[in-house]
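Worksheet: one structure, shown below.
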Amino acid sequence: MSKQIRNIAIIAHVDHGKTTMVDQLLRQSGTFAEHEKIVDTVMDNNAIERERGITILAKNCAVSWNGTHINIVDTPGHADFGGEVERALSMVDGVVLLIDAQEGPMPQTRFVTKKALALGLKPIVVVNKVDKPGAKPDAVINAAFDLFDKLGANDEQLDFPVVYASGINGWTSLVEGAPGEQWGPDMSALFETVLKHVPPQQGDPEAPLQLQISALDFSTFVGRIGVGRISQGTIKPMQDVVVMEGPDGKAIKGRVNQVLTFQGLDRVQVTEAGPGHIVLINGIADIGIGVTITDATTPAPLPMLKVDEPTLTMNFCVNTSPLAGREGKFVTSRQIWDRLQKELQHNVALRVKETDEEGVFEVMGRGELHLTILLENMRREGYELAVSKPRVVFRDVNGERHEPIEMVTADIEETHQGGVMQALGERKGELVNMEPDGRGRVRLEYRIPARGLIGFTNEFLNLTRGSGLISNIFDSYEPHKGDIGGRKNGVLISMDDGEIFTYALGKLDERGRMFVKANDPVYEGMIVGIHNRDNDLVVNATRTKQLTNFRVSGKEDAIKITPPIDCTLEYGVEFIEDDELVEITPKSIRLRKRHLKEHDRKRASREG
């Protein structure tokens, strides 16, 4: 039975076409009925994923090809969701590594490949988007070979099969064709390569059960659902099992209620499942990520899953501003703490701990995106809170302070090269490699302290007029690189509570760019704009025009106002300094000083 099962994960850098490729595999394997209306990127079923066009959670589906059941795990491409990728790789026997035929291997490609090679998985390299005008498949294959070699691949892993593909047009080929033409009829070349090169599961169906949980789901009908691959043994509904956290963990008895497997995008109940099956089980309350579901009489637990440690930390605090509680449903510290505990159950790369301050929790994650997606989910659920500026997680190595270093790849136009290199140099970046592509663009590779990247995305987009692509990945911990300068501009701070009027905006327009518009509520200590100079300025944002019975007809009275900056969650988190907070509610994002009263700020700066 297990000979007819293959388990694969599709891994790649951001935007190299993983989810689109899975779409085509589902379509061409006959998963959808003829009359069924199909949406694009069908695997990205979460609201934020569809809005942003990115994959955040690793998701499973399954297809049948020539009598073989192929389980496919679609993984995220952002470095911040590396925890999802590490979990997904524990479920599979082979990986399909997608590489863009124009961009070649990128930082995230390196990260996921390193994890896959370390687990002994043999990759199938798919050169995707070969129909793009700037595609260079041969150079990409050579770059992939060099990357595997650098990452310590063995001879068997270096002898990887290559498939050429155009995911969006739905065809794959084993031979390189002529540019501008279709090289293969359909996706069958990729299916056949998977069947040939991915080994079937070798577990014994008669041995004691071993099922490691790699992901969690939840249903209001049956409670918590565990997803994982059976390494050996057989599982049936109503079977008595024990749940163990690694070989030394305590054993908790439980009974499996239902056993389901994936069929296309659906979940199908089965009477039993054996080695190699990726199954969903419910009925056990104490199930968690990394635990082993094993035989009650002869337990054989597997070691717990290991996930890389987080590198970035933020403080999540109760919202204490004068506008607190107006828009949110959940505002107390207990509600925020309970929500973070719930997140920990399935978000393996997250860490949460309490601090000495009342109502302040320290949350650690893999990067800004990892934490801001959590915040975005929380505000959509009705939570209201304030967060501090992200800080990197330092380590002590032999009494010396070490900090995380990131590998950064920037694809920019040559005309913007000077400005970007200067900005990265100021942030203690070291240039590792520089490659012009011969078409007016250049790729820069830097090693830079993670501190230097906090707040850099905005500056980078301004420097490249929005045409630059930047991606980064954690590289290693190294000795502290010294101080890095912060924000160059000061801020405009409101001195009063009230409502902002057009008249006040007109008077403040020449002082800097505003974050607020007419009729927005403001309070003392709230940041209303960016000052043109490098110092903070307390301004009267609520003043109104003195009314007299003197009337003037003339255009000189018309107030001209520059449109405000759209303050998104990511922008706010990147913009603030250490003495500032972002106030997040379901309807608004506001920036404020930590100390709202001016005399408190002065005292804090003297003590600091």
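If you're wondering where the values come from, they're calculated on a predicted model, not measured in any experiment.
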Under 3.5 Å, is there a donor-acceptor pair between the side chain of [X] and the main chain of [Y]?
X      : Y      : answer
Thr568 : Tyr571 : yes
Asn71  : Ile5   : no
Lys129 : Ala101 : no
Lys389 : Ile454 : no
Asn128 : Gly167 : yes
Ser467 : Thr464 : yes
His197 : Thr193 : no
Arg379 : Ile584 : no

Relative to each other, are the rings of Phe456 and Phe460 parallel, tilted or perpendicular (30° and 60° limits)? tilted
Return the [atom1] to [atom2] distance between [X] and [Y], rounded to the nearest 0.5 Å.
X      : Y      : atom1 : atom2 : value
Tyr446 : Asn472 : OH    : CG    : 15.0 Å
Cys61  : Leu25  : SG    : CG    : 8.0 Å
Asp138 : Ile141 : CG    : CD1   : 6.0 Å
Met304 : Ile213 : CE    : CD1   : 11.0 Å
Leu569 : Ile373 : CG    : CD1   : 9.0 Å
Ile589 : Glu570 : CD1   : CD    : 9.0 Å

Ignoring hydrogens and angles, state whether a donor on the side chain of [X] or [Y] is under 3.5 Å from an acceptor on the partner side chain.
X      : Y      : value
Glu435 : Asn433 : yes
Glu103 : His13  : no
Ser90  : Gln212 : no
Thr68  : Asn66  : no

With heavy-atom distances below 4.5 Å as the criterion, would you say the side chains of [X] and [Y] are in contact?
X      : Y      : answer
Leu195 : Trp65  : yes
Leu312 : Glu368 : yes
Leu174 : Glu192 : no
Val140 : Phe145 : no
Gln4   : His69  : no
Ile99  : Val127 : no
Pro390 : Val573 : yes
Met21  : Ile168 : no

Can Ile70 and Ile8 be said to form a side chain to side chain contact (heavy atoms under 4.5 Å, CB included), step by step? CA-CA 7 Å; Ile70 303 174; Ile8 57 166; 4.1 Å; yes
What pairs meet the side chain to side chain donor-acceptor pair (under 3.5 Å) rule with one or both residues in residues 139-152, with sequence neighbours excluded? none
For residues [X] and [Y], report the shortest heavy-atom separation together with the two atoms involved.
X      : Y      : value
Tyr477 : Pro310 : OH-O, 4.3 Å
Val92  : Leu121 : O-CD2, 3.5 Å
Gly468 : Leu461 : O-CD2, 4.5 Å
Ile124 : Val163 : CG2-CG2, 4.2 Å
Lys18  : Thr75  : CE-O, 2.9 Å
Pro449 : Lys428 : CD-O, 3.3 Å

So Phe515 and Leu591, side chain to side chain contact (heavy atoms under 4.5 Å, CB included) or not? Walk me through it. CA-CA 9 Å; Phe515 289 129; Leu591 308 182; 3.6 Å; yes
Test log, rule salt bridge (Lys or Arg N to Asp or Glu O under 4.0 Å), inputs Lys122 and Asp159: CA-CA 9 Å; Lys122 193 177 170 191; Asp159 185 22; 5.4 Å; no
Taking the ring centre of each residue, are His480 and Phe394 less than 6.0 Å apart? yes
For Arg447 and Glu406: C-alpha separation, side-chain torsions, deciding distance, then whether salt bridge (Lys or Arg N to Asp or Glu O under 4.0 Å) applies. CA-CA 6 Å; Arg447 294 184 79 245; Glu406 303 263 334; over 6 Å; no
Please determine whether the number of non-hydrogen atoms from other residues, nucleotides or ligands lying under 6.0 Å from atom CZ of Arg380 exceeds 12. yes
Please tabulate, for side-chain N and O atoms in residues 407-422, each donor-acceptor pair with protein atoms closer than 3.5 Å (sequence neighbours left out).
| unit_1 | atom_1 | unit_2 | atom_2 | d |
| --- | --- | --- | --- | --- |
| Asp411 | OD1 | Arg443 | NE | 3.3 |
| Gln422 | NE2 | Glu426 | OE2 | 3.4 |

Go through it in stages, so that I can follow the logic: the residues are Asp100 and Lys132, the test is salt bridge (Lys or Arg N to Asp or Glu O under 4.0 Å), and I'd like the CA-CA distance, side-chain angles, deciding distance and then a yes or no. CA-CA 9 Å; Asp100 187 302; Lys132 277 167 82 169; 3.2 Å; yes
Residues in side chain to side chain donor-acceptor pair (under 3.5 Å) with Ser166, at least two apart? Asp131, Asn169
Cationic N near anionic O, under 4.0 Å, Arg229 to Asp93: yes
Flag the pair Arg427 and Glu459 as a salt bridge only when some basic side-chain nitrogen lies within less than 4.0 angstrom of an acidic carboxylate oxygen. yes
Please determine whether side chain to side chain contact (heavy atoms under 4.5 Å, CB included) holds for the pair Glu343 and Val352, giving the CA-CA distance in whole Å, both sets of side-chain angles, and the decisive distance to 0.1 Å. CA-CA 10 Å; Glu343 186 71 20; Val352 178; over 6 Å; no
Worked check of side chain to side chain contact (heavy atoms under 4.5 Å, CB included) between Glu381 and Asn377: CA-CA 6 Å; Glu381 290 163 22; Asn377 276 319; 4.2 Å; yes
